[in-house]
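Structure first, then comments.
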Amino acid sequence: MSPKGVTLNTNSHKIKFARRFIRTLLRMRKNAPSSSSIEEIRKRSQRIKIAAYSSMAHAVGSRRAWSRAILFKLRNRARHHGMMRRRSMKKRVIKNDPPGDQSQTNKLRQLVPGGKAMDMCSLLEETAHYIRCLSTQVKVMQTIADHFSK
């Protein structure tokens with residue numbers, strides 16, 4: 001039991017993330033189709049990316065705005081996934097804003113999940129935490145890749 005006001009150790013986030021991520025990867029592997037077409041590889045890499053984000057957000061929990069934003073987005077995605085299958089797939093057009101239009105703060109708000117609704121102080125704090133978590137995510141994924149490449 002940790003006292004109030006004490007933040008969790010980064011290693012506990014790392015362990016929680018690693019366990020959940022590996023569990024998800026094993027589930028994906030068990031349900032993987034036998035074909036290795038380009039489309040299947042693309043879908044699999046997308047599922048791995050989603051699993052990594054989801055695992056990290058669950059490891060951090062709802063204490064951080066960025067993790068709440070990711071969990072909310074994933075829940076909505078799961079709810080609407082069935083409806084999206086029924087609709088015809090339309091090509092999406094990505095709009096690129098002119099490079100000089102955005103301030104550095106607005107660029108940062110777009111990069112950090114949930115950043116659009118934060119004040120500057122909260123944005124910087126959440127950004128620092130998000131970067132630490134992404135760094136942990138990369139280290140865990142590198143360890144997994146190194147382990148299986150032997």
* Which atom of Gln137 lies closest to which atom of Phe17, heavy atoms considered -> CG-CZ, 3.5 Å
* Asked: Rounded to the nearest 0.5 Å, how far apart are CE of Met56 and NZ of Lys16?
  -> 11.5 Å
* Structure fact -> dist Ser54:OG -> Arg77:CZ (nearest 0.5 Å) comes out at 11.0 Å
* Asked: Considering all heavy atoms of both residues, which atom of Leu71 and which atom of His58 are nearest to each other, and what is their separation?
  -> CD2-NE2, 3.4 Å
Taking only distance into account, with no hydrogens and no angle test, what donor-acceptor pairs under 3.5 Å do side-chain atoms of residues 113-125 form with protein atoms, sequence neighbours excluded?
{"unit_1": "Asp119", "atom_1": "OD1", "unit_2": "Cys121", "atom_2": "N", "d": "3.0"}
{"unit_1": "Asp119", "atom_1": "OD1", "unit_2": "Ser122", "atom_2": "N", "d": "3.0"}
{"unit_1": "Asp119", "atom_1": "OD1", "unit_2": "Ser122", "atom_2": "OG", "d": "3.4"}
{"unit_1": "Asp119", "atom_1": "OD2", "unit_2": "Ser122", "atom_2": "OG", "d": "3.2"}
{"unit_1": "Glu125", "atom_1": "OE2", "unit_2": "Arg64", "atom_2": "NH1", "d": "3.4"}

* Asked: Can you list the residues that meet the side-chain hydrogen bond (donor to acceptor under 3.5 Å, both in side chains) rule with Glu39, with sequence neighbours excluded?
  -> Arg42
* How many angstroms lie between atom CZ of Phe72 and atom CZ of Arg68, to the nearest 0.5 angstrom? -> 12.0 Å
* To do: Nearest 0.5 Å please: distance from the CD1 atom of Ile15 over to the OG1 atom of Thr136.
  => 11.0 Å
* Mind checking the CZ-CG spacing from Arg132 to Leu134? Nearest 0.5 Å is all I need. => 11.5 Å
* Asked: Can you find a heavy atom in the side chain of Cys133 that is under 4.5 Å from one in the side chain of His129?
  -> yes
* To do: Applying side chain to side chain contact (heavy atoms under 4.5 Å, CB included), name anything that partners Lys30, two or more places apart in sequence or on another chain.
  => none
* What residues form a ring-ring contact (aromatic ring centres under 6.0 Å, His included) with Tyr130, not counting sequence neighbours? -> Trp66
Expected list for residues 20-29: side-chain donor-acceptor pairs under 3.5 angstrom, two or more places apart:
{"unit_1": "Thr24", "atom_1": "OG1", "unit_2": "Arg20", "atom_2": "O", "d": "2.9"}

Using atom types as modelled, flag every donor-acceptor pair under 3.5 Å from a side chain in residues 139-149 to any protein atom, sequence neighbours excluded.
{"unit_1": "Gln142", "atom_1": "NE2", "unit_2": "Asp146", "atom_2": "OD1", "d": "2.8"}
{"unit_1": "Thr143", "atom_1": "OG1", "unit_2": "Lys139", "atom_2": "O", "d": "2.8"}
{"unit_1": "Ser149", "atom_1": "OG", "unit_2": "Ala145", "atom_2": "O", "d": "3.1"}
{"unit_1": "Ser149", "atom_1": "OG", "unit_2": "Asp146", "atom_2": "O", "d": "3.1"}

